[in-house]
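Reading through the structure tokens given below for one structure.
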Amino acid sequence: MRRVSIFGATGSIGQNTIDLISRAPSDYDVVALTGGANIQKLANDARRLGADLAVTAHEDKLDDLRAALTGSEVEAAAGANAIAEAATRPADWIMSAIVGSAGLAPGIEALKQGSTLALANKETLVCAGSLVMETAKAHDARLLPVDSEHSAVFQALVGEDITAVERVIITASGGAFRDWPMEDLVNATVEQASSHPNWDMGQRITIDSASMFNKALEVIETREFFSVSPTQIEVLVHPESIVHAMVGYRDGAVMAHMGAPDMRHAIGYALHWPERRDLPVDRLDLAKIGQLNFKAPDLKRYPALKLAWDVMERGGLAGAVFNAAKERALDHFIARRISFLDMADAVAAVLDRFDASDGLIDAPMTLDNVHQTDHLARQWVDDTVVERAG
Ligand code: NDP
Ligand code: MG
């Protein structure tokens, strides 16, 4: 039996992971499940899977969680520290699927115990890439990608020599506003940005797909995960979301990874790696699909995408600044305080402020510095929003 824990168990990735595990319950011993506000779902899954521990991120929900677990043997806990502690409980395979930079600390704890960390939380690598990779190396832990593009790259690299790689191409669906007239984007609403043409995902990543902040994070994630240089990374808009990524080699060959847009592909690959096992996903019928389209991204439509290269050029803590500023700008958009297009402007302004701030740009990458930078960048976004409102 493999001991598994799922961080962000109540979310979109978490639930897909539980779906796969539930199909072969005797193969898995569930150690910890964590969630946020969705107490009932967390408690139900913890009971059903016989987890040792269930943790909510919200300290004020501990009583609710305890009540929901009454009569079961599942231990209840709450708060960010309890989530990080849950990551120290011995497990062979840990899914990192919390949304946002809150996923970083438990991810590091999981690596410190030498577990295999299936990484959906891309923010972990964007905020602290070098720290995470060094921690994994020091503790002989393995990182497996779960983001569909990175799983695709990982699979297109099997059996190949990384030094023969010329370029890595990740695809983007183009999100909710791919075909909108540019002049309408300024009025785009939260509801409109929250519907994705191809993928069924959590709300925040769906909005990030419409703005391509998600793709910007994924470009940085590609650099950190595969140690390729920024100039080797390309993005292609591919409306069908069938080809998830391609790896171009020095002889001109390009290996493309295809699959139906279902996250259980990438989750299942990470769960069974290095084997391939049956997965309950649709099989591709290319004759039915008929056509696959590709085009270069329009950086005027997706100003957030270009910022990825600005961030990689800065290096160090710039990724933490970028991610935190993006998260905070998204909070303001969801709260309807700023417009859809204001998000990229606010983040660009924060990156400029980071350049001008003494010492930060050269500060070493420690978990403390990442947290402090994260906090500061959020404050800077708030300043920008207040300034504009005034
Ligand atoms: P969801 O919003 O659906 O789920 C997020 C999970 O994190 C929930 O369990 C939520 O709890 C929990 N959570 C929220 N805030 C906190 C917090 N502060 N501390 C601890 N836990 C918290 O997100 P997704 O499943 O869509 O995405 C998860 C991660 O995977 C993200 O990093 C995303 O970028 C990445 N990803 C997602 C893909 C997808 O298809 N969905 C594809 C590729 C990557 P609750 O809901 O109970 O409040
Ligand atoms: Mg992705």
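We count ligands from 1, going down the list as the structure has it; atoms in each ligand are counted the same way. The first residue in the sequence is number 1, and the count goes up from there.
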key: Backbone N/O of Phe213 and side chain of Asp208: donor-acceptor pair under 3.5 Å   =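 Pair absent, no side-chain N/O of Asp208 close to backbone of Phe213.
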Quick one: sort the [X] and [Y] rings into parallel, tilted or perpendicular, breaks at 30° and 60°.
X	Y	value
Phe340	Phe177	perpendicular
His257	His265	perpendicular
Phe154	Tyr269	perpendicular

task = Evaluate the side-chain proximity of Ile169 to Val235: yes if any heavy-atom separation is below 4.5 Å, no if none is.
result =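 Counting from C-beta outward, Val235 and Ile169 never come under 4.5 Å.
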Considering only N, O or S atoms, which atom of [X] is nearest to the Mg ion (ligand 2)?
X	result
Glu149	OE1
Glu218	OE2
Asp147	OD1

ask   = To the nearest 0.5 Å, how far apart are CD in Glu73 and CG in Leu53?
value =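 So the gap between those two atoms works out to 14.0 Å.
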task = For ligand 1, would you mind listing the residues that have at least one heavy atom less than 4.0 Å away, ordered by chain and number?
result =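 Within 4.0 Å of ligand 1, the protein residues are Gly8, Ala9, Thr10, Gly11, Ser12, Ile13, Gly35, Gly36, Ala37, Asn38, Ala57, Ile83, Ala97, Ile98, Val99, Ala102, Ala120, Asn121, Lys122, Glu123, Asp147, Met201, Gly202, Ile205, Met263.
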query = Looking at His150 versus Phe225, is the centre-to-centre ring distance below 6.0 Å?
reply =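 Between His150 and Phe225, the centre distance exceeds or equals 6.0 Å.
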